[in-house]
Amino acid sequence: NVPLEIAWTIVPAGIAITMFAWGAVLYFNMRTPPTRTMEINVLGKQWMWKLQHPSGKSEINELHVPLGQPVKLKMISEDVIHSFYVPAFRVKMDVLPGRYTYTWFTPSKVGEYHLFCAEYCGTDHSGMRGRVVVLEPAAYANWLRGDTGEPPEVVGQRLFEQFRCHTCHTNQENARCPPLTGIFGRQVVLRDGQVVEADESYLRESILNPNAKIVAGYQPVMPTFQGQIGEEGIMQIIAYLKTLGPQETAAPPNPNTTPPTDEAQP
Ligand code: CUA
């Protein structure tokens, strides 16, 4: 019976596609943080959580966040795989060595909540826990005061100079290394013609394994900083690189493009 065959193929296919589309929209909404998030750096190591606020204040095994403020966690591990788990927030994300992972949440109720490591990571895995404290915004501002450390980008700039990065990345036209002004988020053309986005993972890889992606027009002259700088320092350098201004001020003039003409004029 052809009409029957067609009907029981089309109808379930339609239902399945609807469920897939609905689920996909929900998934993308869940994974995409809102635009005005507060970004917290999370470092997992055997056996503790180290967290740093944008102001520079650090905490260990404790995370204080203001009520109603979307919080984005940028996470990486110094050693083995951990997992950042706050059951009350329905938030669980693996924290991996060698790769940034992200998660976000918006605290909606003042209180204290459990924080666990949800990936077996060695002897003291069960002790690798802490708490998330949600405060009223005023109380959070008050808590932030006091012995605030240096903001990550300030430490990052110091490291950038300490490791002598600025002697090669001079931002001048004939420099031996690519200019870094406005680097974050820019499209970078590599020697093999590939185009990649200079996101956090790219910057991190370029510090630890500079020869993995060589920018077009440059030689592989940069030494690796593997073993010389910890994950925390790398996050701080990336925070500094992000402050290096927008793209317009960065790129050296490209001789192949004509200057823009004002097309609004008749
Ligand atoms: Cu860290 Cu389990």
Side-chain angles (χ1 to χ4, degrees), residues 27 30-33 37-66 69-135 140 143-144 147-152 155-156 159 199-205 207-209 224-239:
Y27 178 78
M30 185 186 83
R31 290 294 300 157
T32 313
T37 52
M38 177 170 83
E39 195 171 295
I40 303 228
N41 290 339
V42 179
L43 190 68
K45 52 178 155 184
Q46 289 168 323
W47 288 276
M48 60 189 256
W49 297 107
K50 195 165 177 200
L51 305 107
Q52 191 174 32
H53 291 250
S55 69
K57 186 146 178 160
S58 293
E59 5 182 17
I60 288 180
N61 292 342
E62 278 198 355
L63 173 61
H64 289 73
V65 285
Q69 161 73 55
V71 174
K72 181 178 167 191
L73 305 174
K74 177 172 112 188
M75 310 190 288
I76 195 161
S77 165
E78 195 93 68
D79 36 49
V80 300
I81 301 178
H82 305 276
S83 182
F84 192 94
Y85 182 30
V86 188
F89 297 177
R90 315 293 191 265
V91 162
K92 177 152 75 171
M93 177 55 78
D94 277 7
V95 179
L96 308 174
R99 191 168 110 192
Y100 292 121
T101 55
Y102 304 85
T103 189
W104 71 277
F105 58 84
T106 306
S108 56
K109 201 172 154 194
V110 168
E112 282 187 20
Y113 305 92
H114 289 297
L115 160 64
F116 296 110
C117 176
E119 182 70 49
Y120 181 68
C121 54
T123 316
D124 260 344
H125 157 71
S126 61
M128 190 171 165
R129 55 198 179 142
R131 56 188 190 137
V132 179
V133 183
V134 180
L135 301 168
Y140 174 75
W143 173 85
L144 259 192
D147 77 296
T148 301
E150 286 179 299
V155 185
L159 290 171
D199 56 8
E200 287 163 336
S201 301
Y202 168 86
L203 296 175
R204 181 180 176 279
E205 183 186 47
I207 295 169
L208 294 179
N209 185 12
T224 173
F225 288 86
Q226 187 99 49
Q228 297 184 53
I229 180 163
E231 292 296 347
E232 199 175 4
I234 294 172
M235 284 203 266
Q236 288 160 333
I237 289 180
I238 291 175

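Side chains included, hydrogens not; waters and symmetry mates left out as well; all remaining heavy atoms used. Order of appearance sets the numbers: ligands from 1, and atoms from 1 within every ligand.
Computed with atom 1 (Cu) of ligand 1 at the centre, the C117 SG to C121 SG angle is 110°, stated to 10 degrees.
With 2.8 Å as the limit, H125 does not count as an N, O or S neighbour of atom 1 (Cu) of ligand 1. For M128, the nearest N, O or S atom to atom 1 (Cu) of ligand 1 falls under 2.8 Å.
Ring planes of W49 and H82: perpendicular class, angle over 60° (limits at 30 and 60°). Relative ring orientation between H64 and W143 is described as parallel, the plane-to-plane angle staying below 30° on a 0-90° scale split at 30° and 60°. Using a 30° and 60° split on the angle between ring planes, Y102 and Y100 fall in the tilted class, from 30° to 60°.
When atom 1 (Cu) of ligand 1 is compared with the N/O/S atoms of H82, atom ND1 turns out nearest. Checked against atom 2 (Cu) of ligand 1, the N, O or S atom of E119 at the shortest distance is O.
Residues P97 and I81 come closest through the heavy atom pair CD-CG1, 3.9 Å. For M38 against Q69, the heavy-atom pair with the smallest separation is N-NE2, 3.3 Å.
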